[in-house]
Peer 1: 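I'd like to ask you about the structure that follows.
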Amino acid sequence: MNACLKADDLSFWRGERAVVSGLSFTAAPGDRIAVLGANGSGKTTLIRTILGFSPYRGTLEVEGREVRDRPKEARKAAAAVFGDADTQLLMPTVYDELAFSLKAAEERAGGPDVRAFAGRFGLVPLLDRHPSQLSSGEKRKVLLAQSLGRRPSILLLDEPTSDLDARGSRRLREMLAQVPQTIILATHHYDLAMALCRKAVVLGGGKAAVYEDIRRLFDDPAALDRWELL
Amino acid sequence: MRAALLLLFQAAALLADPRFLAPATVAAAAWFAGRKESRSRVLLGTGVFGMFFFVLCLLGAVEGFLRLSAPDYGRYALLTLRGYASFLVVVAGTAMFTLAEILCFLKRIRVPGYILTMVYLMVHDLSVFVRLASETSRAVRSRGAGLRLPQRLKLTIHAARNFMVFAVLKFRLRHEHIQARGLSLDLPLDEWRARERLPQSG
């Protein structure tokens, strides 16, 4: 099966400091990969790099195309949800947010389609609201919905549960479990990573490791300690 | 001494002959753009004033083409130049004085504590605005990838509007924070300035 995301001997920077060197992994369609690591280990920078916003060395391909050569293609194929929802919800109402994404994916942005799409995420009661009037959990849901509305092949999630309560986290997890796209999930919430992902990429101290089975990582106290995960 | 120099620069920006002011301004802008600490500010200011200048030139060209009685665009262009030179004086001021020194000066000329506190908070908020602006720009580029120009423009306009709303909200929140703690935070400015004057030890 063709990889929709492939990194080979990847190194990337934050400012002038090398964050990670020698990262290699592949993600097949539908794969869910957790990106784990302590604060400042490079999880967010990896997501930015996949979107072509940060420089890198080595190979990084999204759907077979090198990101540095075709950054716009990478952004078209991969939709990202970053931590700060306020900088990503741009339209005057939730309806407009979803309609814009659906239109971008060349679906008809008429009333019924947007409503039907919003219904899949339980967002119909919020359609007329301004994004700034929403709770943190509602903003997350809208962000996720608008990202999926673009029909990306890869969904990049950066701390999607960071400001959610327990119920909100559970609902988001259930929602993500239904998503057919490849998911790259950067998180500190290990229960979410364990529940959703089979594979893990661990970053720390400028190095990286890939665990084909995420349970092997969490069953190894020495590894958890070495990567400063616990 | 530094204040006198700054006043001299400002007087020159407002009064000097444009034949001398223009090359001096270009040289100053190039010098500040070459310094890492002031580069982003100078580029931002150059963009804003450059836009003014471009619009003036465009209006002048249109009026000329239509043979209308054109206003004195030369005068407006000169005002833009003086405005840009004054902006560079402010940039020079931020390089020559620390924030504590500027606030101490404002305090000495009896600027109200509320304004001092607001200036202090907003200067510190600038870095937050810069971070949010770059995150917003990434969101626009990410969502706009592969779209046609009108859609990308629509996204950019909404993002700019959202950012303005956010800036106003931030200002209002700061106003409320200050009010909640009395009319001013009573910043320990003298202490800060004294600390800045201490020799730095390793």
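Chain A is the first sequence line, chain B the second, and so forth, proteins listed ahead of strands; every chain is numbered from 1.
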Peer 1: Are A:Arg68 and A:Tyr56 in a cation-pi contact, defined as NZ or CZ under 6.0 Å from the six-membered ring centre and within 45° of the axis?
Peer 2: yes

Peer 1: In terms of heavy-atom proximity below 4.5 Å to chain A, should B:Leu147 be classed as side chain, backbone, both, or neither?
Peer 2: side chain

Peer 1: Can B:Arg41 and B:Thr94 be counted as having a side-chain donor-acceptor contact under 3.5 angstrom?
Peer 2: yes

Peer 1: Heavy-atom distances under 4.5 Å only: say whether A:Phe53 touches chain B with side chain, backbone, both or neither.
Peer 2: side chain

Peer 1: Do A:Asn39 and A:His188 get their side chains close enough for a donor-acceptor pair, meaning under 3.5 Å?
Peer 2: yes

Peer 1: Side chains of A:Thr44 and A:Asp158 only: does a donor on one sit below 3.5 Å from an acceptor on the other?
Peer 2: yes

Peer 1: When only pairs under 4.5 Å are counted, which of B:Ala133, B:Ala145, B:Ala160, B:Ser137 shares the most heavy-atom pairs with chain A?
Peer 2: B:Ala145

Peer 1: Does any heavy atom of chain A fall under 4.5 Å from the side chain of B:Arg141, the backbone, both, or neither of them?
Peer 2: both

Peer 1: Taking the side chain as every heavy atom from C-beta outward, state whether B:Val111 and B:Ile109 have any atom pair closer than 4.5 Å.
Peer 2: yes

Peer 1: Taking every heavy-atom pair that is under 4.5 Å apart, which of A:Thr87, A:Leu89, A:Asp96, A:Leu51 has the most such pairs with chain B?
Peer 2: A:Thr87

Peer 1: Side chain, backbone, both or neither: which part of A:Glu73 has a non-hydrogen atom closer than 4.5 Å to chain B?
Peer 2: neither

